[in-house]
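Heads up, the thing below is written out as structure tokens.
Numbers here are sequence positions counted from 1. Computation of the quantities below employed the complete heavy-atom set of this structure, encompassing side-chain atoms and omitting hydrogens, waters and symmetry-equivalent molecules. Computed from a prediction, not measured in an experiment: that's the story for all the values here.
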Amino acid sequence: MKKKAVILVSVVMTMAFGSTAFATPIKPVSSSRYSFGKLSIVSTIKAEKAGGTVCVYESELSKGKLPYYVLEELAKTDNVTLSVVSDSGEKAEIKSSSIPEKGRYEFFTVDELLEMY
């Protein structure tokens with residue numbers, strides 16, 4: 001049921017805000033973890049136009065962690081924003097011009113992102 005709610009919210013948000021892109025939800029690999037679908041969010045970021053926003057929900061992230069390689073890809077874009085929405089509805093808006101330094105194979109938790117942004 002939760003998965004259907006995410007998809008429905010994505011469709012409604014797209015209709016309401018037009019230019020916001022959403023990463024495609026990935027089917028669970030097992031009941032305890034999600035496959036983040038490396039190409040899903042990275043390809044969504046690459047395809048987003050300058051000034052656009054890509055939205056990803058905490059429930060789409062593996063254990064609520066955003067891999068740093070996603071932010072590296074965001075940094076390569078022209079004025080794209082990544083909006084990370086927590087399960088409680090709080091948002092972290094990450095601009096392509098303000099990516100924090102971290103190792104390529106590191107992760108940011110959603111809580112860390114909310115504190116920084």
Side-chain angles (χ1 to χ4, degrees):
M1 187 65 172
K2 188 175 184 180
K3 184 177 174 186
K4 288 182 181 179
V6 170
I7 293 170
L8 179 60
V9 168
S10 296
V11 171
V12 170
M13 294 289 287
T14 301
M15 291 170 55
F17 298 106
S19 68
T20 302
F22 293 86
T24 305
I26 305 300
K27 294 180 182 176
V29 174
S30 71
S31 61
S32 65
R33 78 172 223 268
Y34 278 87
S35 168
F36 183 67
K38 178 177 179 177
L39 296 178
S40 175
I41 191 157
V42 170
S43 62
T44 304
I45 288 171
K46 285 180 178 180
E48 188 59 36
K49 296 177 182 168
T53 299
V54 175
C55 185
V56 65
Y57 294 92
E58 182 175 6
S59 61
E60 296 174 295
L61 303 175
S62 178
K63 299 180 183 177
K65 295 180 180 180
L66 182 71
Y68 187 72
Y69 65 79
V70 173
L71 297 179
E72 285 181 325
E73 195 60 46
L74 182 66
K76 296 176 189 176
T77 65
D78 182 29
N79 194 28
V80 171
T81 301
L82 178 64
S83 180
V84 180
V85 182
S86 73
D87 287 337
S88 64
E90 295 177 86
K91 264 200 292 193
E93 300 276 330
I94 307 166
K95 306 270 185 208
S96 60
S97 60
S98 64
I99 304 299
E101 291 295 320
K102 204 161 191 176
R104 175 153 177 80
Y105 300 104
E106 298 293 322
F107 296 85
F108 283 104
T109 65
V110 172
D111 291 335
E112 288 174 324
L113 293 170
L114 290 171
E115 286 177 21
M116 290 189 291
Y117 299 96

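Applying the salt bridge (Lys or Arg N to Asp or Glu O under 4.0 Å) rule to Glu90 yields no partners; only residues at least two apart in sequence or on another chain are considered. Partners of Ser98 under the side-chain contact (heavy atoms from CB on, under 4.5 Å) rule, at least two apart in sequence or in another chain, are Lys95, Tyr117. With sequence neighbours left out, Thr77 forms a side-chain contact (heavy atoms from CB on, under 4.5 Å) with Ile45, Leu74, Val80, Ser96. Evaluation of the side-chain contact (heavy atoms from CB on, under 4.5 Å) rule for Glu72 yields Tyr68, Tyr69, Arg104 as partners, not counting sequence neighbours. A search for salt bridge (Lys or Arg N to Asp or Glu O under 4.0 Å) contacts involving Glu73 returns Lys76, not counting sequence neighbours. Considering only residues two or more places apart in sequence or on other chains, Asn79 meets the side-chain contact (heavy atoms from CB on, under 4.5 Å) condition with none of them. Partners of Ser83 according to the side-chain hydrogen bond (donor to acceptor under 3.5 Å, both in side chains) rule, which considers only residues two or more places apart in sequence or in another chain, are Glu93.
With rounding to the nearest 0.5 Å, the separation of OG in Ser86 from NZ in Lys91 is 11.0 Å. Note that CD of Glu48 is 8.5 Å distant from OG1 of Thr44, once rounded to the nearest 0.5 Å. One finds the CD atom of Glu101 at 12.5 Å from the CD atom of Glu106 (value rounded to the nearest 0.5 Å).
Closest non-hydrogen pair, Ala92 versus Leu114, comes out as N-CD2, 3.8 Å. Heavy atoms only, all atoms of each residue included: Gly64 and Glu58 are closest at CA-CG, 4.1 Å.
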*Checking side-chain contact (heavy atoms from CB on, under 4.5 Å) for the pair Ile41/Leu82: CA distance, chi angles, key distance, verdict?*
CA-CA 10 Å; Ile41 191 157; Leu82 178 64; 4.0 Å; yes

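Cluster membership for Val42 and Ile99, using ILVMFWY side-chain heavy atoms within less than 4.5 angstrom, is shared.
Contact annotation: the side chain of Thr109 never approaches that of Leu66 to less than 4.5 Å [non-hydrogen atoms, C-beta and beyond]. No side-chain heavy atom of Val54 sits under 4.5 Å from any side-chain heavy atom of Thr81.
A cation-pi arrangement is found for Lys102 relative to Phe108, the charged atom lying closer than 6.0 Å to the ring centre and inside a 45° cone about the ring normal.
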